[in-house]
Amino acid sequence: MAVSAAQAALESVFAARRLSAPWVLCPSTTDPDTVREWLTWASVGMEGVLFKRLDSVYEPAVRGWRKYKVRETTEAIVGAVTGTLAAPRTLLLGRFDDRGRRQYIGRTTTLTQRASSTVAGLLAPARRGHPWTGWSFSAGWGSRETLDATLVEPELVVEVGVDVARDATGRWRHPARWHRPRPDLSPG
């Protein structure tokens, strides 16, 4: 069944059964101006837009669509790394919660060699009393595998690019993309 026919069938089911919340039919459009407006809705949970040809049909194990993700640039505090302090592979990032506690929010993608060298010179080993002492960190969203992480003194602020997808705890669902260190900013 083509996408346009499937959409029409779903709309018919929703109307015939008078479905309402928590049931929601995902909006659909072919109007570029409408899509541009939707992409401004990140603050209410809009993660992005899927694109698919109206005449395409479902094919198992085939990606026949593309996704445009809403992304933003933000700052976070480095609290741990994978790899070593001399050659960090990824950065584990945190932010302060409403109670003033540093909470883990996500990690970066694998750093380039240049980014790793840049960050390595700005990190210090964690002192006693690190807020993440005893924590374990998931290797990925929904994964039970944990990362081998080394805690660092949570003093370095970095700028990262993230998509707006969050889990129920507010953590980023996808790894952040490294942009640059922000030694000019205080973790507080």
Side-chain angles (χ1 to χ4, degrees), residues 1-80 82 90-110 131-132 135-147 149 158-179:
M1 179 183 300
V3 171
S4 56
Q7 180 73 21
L10 283 171
E11 289 171 0
S12 176
V13 167
F14 268 71
R17 301 213 175 178
R18 296 185 178 150
L19 294 175
S20 60
W23 302 98
V24 179
L25 184 60
C26 189
S28 177
T29 188
T30 57
D31 177 36
D33 289 332
T34 300
V35 172
R36 277 190 277 285
E37 178 190 343
W38 288 347
L39 291 173
T40 67
W41 295 356
S43 63
V44 294
M46 176 81 154
E47 294 181 17
V49 176
L50 294 176
F51 295 86
K52 193 167 187 175
R53 294 180 52 87
L54 291 175
D55 61 354
S56 65
V57 295
Y58 174 74
E59 298 177 73
V62 174
R63 286 216 169 170
W65 51 269
R66 293 187 179 166
K67 184 173 184 179
Y68 175 85
K69 293 181 181 181
V70 176
R71 298 193 68 79
E72 62 187 13
T73 301
T74 190
E75 288 82 27
I77 305 162
V78 180
T82 62
T90 64
L91 308 177
L92 282 67
L93 306 170
R95 285 195 168 157
F96 288 101
D97 66 14
D98 294 339
R99 296 183 191 151
R101 297 174 302 184
R102 281 194 183 99
Q103 295 295 326
Y104 175 69
I105 191 156
R107 66 182 171 99
T108 64
T109 55
T110 302
W132 295 348
W135 288 26
S136 61
F137 301 92
S138 171
W141 189 71
S143 171
R144 294 180 190 263
E145 181 185 348
T146 59
L147 295 172
V158 295
E159 183 177 314
V160 292
V162 296
D163 63 40
V164 297
R166 307 281 193 274
D167 69 12
T169 67
R171 292 180 181 167
W172 298 320
R173 282 181 48 198
H174 305 112
R177 295 180 187 164
W178 160 266
H179 282 271

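- Note that the OG1 atom of T169 and the CD atom of Q103 stand 9.0 Å from one another [nearest 0.5 Å].
- Nearest approach of L93 to A76, heavy atoms of both residues: CB-CB, 3.8 Å.
- Of all non-hydrogen atoms in F137 and L92, the two that sit nearest each other are CG-CD2, 3.3 Å.
- Atoms OG1 and CG, from T82 and L91 in turn, are 8.0 Å apart once rounded to the nearest 0.5 Å.
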(request) Test side chain to side chain contact (heavy atoms under 4.5 Å, CB included) on L25 and Q7 and set out the steps. (result) CA-CA 9 Å; L25 184 60; Q7 180 73 21; 4.1 Å; yes
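- Note that CZ of R177 and OG1 of T110 are 12.5 Å apart. Values are rounded to the nearest 0.5 Å.
- At least one side-chain heavy atom of T74 sits less than 4.5 Å from a side-chain heavy atom of W172.
- Between the R95 side chain and the Y104 main chain, no donor and acceptor come within less than 3.5 Å of each other.
- Listed here is the closest heavy atom pair of L50 and K67: CD2-CB, 3.6 Å.
- Of all non-hydrogen atoms in T29 and D31, the two that sit nearest each other are OG1-N, 3.0 Å.
- Contact annotation: the side chain of P175 never approaches that of T108 to less than 4.5 Å [non-hydrogen atoms, C-beta and beyond].
- Taking CD1 of I77 as the start and CD of E75 as the end, the distance is 10.5 Å to the nearest 0.5 Å.
- Ring-plane geometry between W135 and W132 is classed as parallel, the angle between the planes falling under 30 degrees on a 0 to 90 degree scale with a further cut at 60.
- Listed here is the closest heavy atom pair of W178 and V160: CA-CG1, 4.3 Å.
- In this structure, the separation between CH2 on W23 and CG on L10 is 11.5 Å, given to the nearest 0.5 Å.
- Salt bridge status for R53 with D55: present, with a side-chain N to carboxylate O gap under 4.0 Å.
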(request) Go through the steps to decide whether T73 and H179 satisfy the test side chain to side chain contact (heavy atoms under 4.5 Å, CB included), and finish with yes or no. (result) CA-CA 9 Å; T73 301; H179 282 271; 4.3 Å; yes
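- For R66, the CZ atom counts as loosely surrounded, since its 6.0 Å shell holds 12 or fewer non-hydrogen atoms of other residues, nucleotides or ligands.
- Expressed to the nearest 0.5 Å, how far NE2 of H174 lies from CZ of R71 amounts to 9.5 Å.
- Of all non-hydrogen atoms in T90 and T109, the two that sit nearest each other are CG2-O, 3.8 Å.
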